[in-house]
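Working notes, beginning with the structure itself.
Source: prediction; values computed, not measured.
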Amino acid sequence: MGPQGPAGEGTNWKIINLTVPANAWVEYADNNGQNNYYQALFDVPEINDFIYNSGLVMCYHEINNSQIVLPYVRHNQDVEGNYWTTTVDFDYAVGSVAIYVTHSDFADVPPSEMQFRLVLMW
C-alpha cells in the first residue's frame with residue numbers, strides 16, 4: 001500500500017450545537033442607555049481563516065422540534081394589545097460567533113434559554 005493520495009473533491013461540514021442559558025444573555029445599550037439588545041458570545045475555534053474567507057457559516061434557532069434559519073423575525077402581541085417584533089440574528093469572526101436578540105420596542109426583557117445549531121461548510 002502506498003501513501004495516501006490527495007483529497008478528492010467534495011464539501012466538508014461540521015455541526016456545532018450551542019445553548020444559551022437564560023442567565024447567560026448579556027444586555028448592551030448605546031451611550032444614552034437606549035436601543036438595547038441581548039448578546040451571547042461563543043468561542044468557535046473551528047471558524048479559522050479559511051472558513052471565514054472561503055467557507056460558509058449558517059446558524060439555525062432550534063425551537064419546537066424545528067430549525068429556523070437566522071435571522072429569525074417574529075411579530076408578537078400580548079393580551080393588552082401591545083405589539084412588538086423580536087429579531088434573532090448572528091455574526092461571526094475568526095474564532096467566534098455572536099448571537100443577538102432585539103425587541104423592536106427595546107423592552108428590557110431578557111431572552112429565555114435558547115438552542116442554536118451552527119453549520120460550517122467548506
- In terms of heavy-atom contacts, I47 and A93 come closest through CG2-O, 3.5 Å
- Query: Pick one: which of D91, T87, D89 meets side chain to side chain donor-acceptor pair (under 3.5 Å) with Y100?
  - Reply: D91
- Task: Establish whether V119 and I51 are linked, either directly or via other cluster members, by ILVMFWY side-chain heavy-atom contacts under 4.5 Å.
- Result: no
- What are the two closest heavy atoms between V109 and Y38, and how far apart are they? N-OH, 3.2 Å
- Task: Hey, could you give me the SG/CD distance between C59 and Q67, rounded to the nearest 0.5 Å?
- Result: 10.0 Å
- Can you tell me how far CE of M121 sits from CD1 of I15, rounded to the nearest 0.5 angstrom? 9.0 Å
- Query: CG of D30 to CG of N35: how many Å apart, nearest 0.5 Å?
  - Reply: 4.5 Å
- Query: Can you name the nearest heavy-atom pair linking Y72 to I63, along with the distance?
  - Reply: OH-CD1, 4.3 Å
- Within 6.0 Å of CG in D43, more than 12 heavy atoms from elsewhere: no
- Query: Does N32 CG have over 12 foreign heavy atoms under 6.0 Å away?
  - Reply: yes
- Can you tell me how far the OH atom of Y60 sits from the CD1 atom of I68, to the nearest 0.5 Å? 11.5 Å
- Query: Quick one: are M114 and V88 in side-chain contact, heavy atoms under 4.5 Å?
  - Reply: yes
- Would you say the side chain of F116 lies within less than 4.5 Å of the side chain of V97, judging by non-hydrogen atoms? no
- Query: Taking N64 for the side chain and S66 for the main chain, is one N or O donor matched with an acceptor at less than 3.5 Å?
  - Reply: no
- Task: Following the transitive rule for hydrophobic clusters with a side-chain heavy-atom cut-off under 4.5 Å over Ile, Leu, Val, Met, Phe, Trp and Tyr, establish whether L118 and M58 coincide in one cluster.
- Result: no
- Message: Is any side-chain heavy atom of F90 closer than 4.5 Å to one of V57?
- Response: yes
- Item | Heavy-atom donor-acceptor pair, N82 side chain to D78 backbone, under 3.5 Å | no
- For F106 and N36, work out which heavy atoms get closest and say how close. O-OD1, 2.7 Å
- Query: If you look at every heavy atom in L120 and W122, which pair is closest and at what distance?
  - Reply: O-CZ3, 3.8 Å
- Message: To check you understand the geometry: which heavy-atom pair defines the closest contact between Q39 and A98, and what is its length?
- Response: NE2-CB, 3.6 Å
- With under 30° as parallel and over 60° as perpendicular, where do the rings of Y28 and Y37 fit, or are they tilted in between? parallel
- Query: Can you tell me how far CD of Q115 sits from CG of N17, rounded to the nearest 0.5 angstrom?
  - Reply: 9.5 Å
- Determine yes or no for a side-chain-to-main-chain donor-acceptor pair under 3.5 angstrom, with W25 supplying the side chain and S112 the backbone. yes
- Message: Let me confirm one number: the CG-CD distance from L18 to E62, rounded to the nearest 0.5 Å.
- Response: 9.5 Å
